[in-house]
Amino acid sequence: MQEAMWCLTARAAVRLGERGIAAHAEAVLRDACAEDAGAAGGMLALGPVARYLAEAEACAGPG
């Protein structure tokens, strides 16, 4: 469920233009880029982490 929480955080940061938070979410999600967010728990499925990671990277800008 950690990935799901960070995916939601990344999405909120992108929508609000919060580059610093997006960069933090990007760093946390990088290792989970091949996973589906929340799918293992069965309670919540947000789809591929890679989608949220790409949004966070775009928002955070060049590092």
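Note: hydrogens, waters and symmetry copies are ignored here, and every other heavy atom, side chains too, is used.
- Atom-to-atom distance recorded for Cys33:SG and Glu3:CD is 11.0 Å, nearest 0.5 angstrom.
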Would you be so kind as to tabulate the donor-acceptor pairs closer than 3.5 Å made by side chains of residues 43-54, with sequence neighbours excluded?
from  : atom 1 : to    : atom 2 : distance (Å)
Arg51 : NH2    : Leu46 : O      : 3.3
Tyr52 : OH     : Leu46 : O      : 2.9

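- Atom CD of Gln2 has 12 or fewer neighbouring heavy atoms from other residues, nucleotides or ligands inside a 6.0 Å radius.
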If you look only at distance, which donor and acceptor atoms sit under 3.5 Å apart when one is on a side chain in residues 10-26 and the other is two or more places apart or in another chain?
from  : atom 1 : to    : atom 2 : distance (Å)
Arg11 : NE     : Glu55 : OE1    : 2.8
Arg11 : NH2    : Glu55 : OE2    : 3.1
Arg19 : NH2    : Ala60 : O      : 3.0
Glu26 : OE2    : Arg30 : NH2    : 3.0

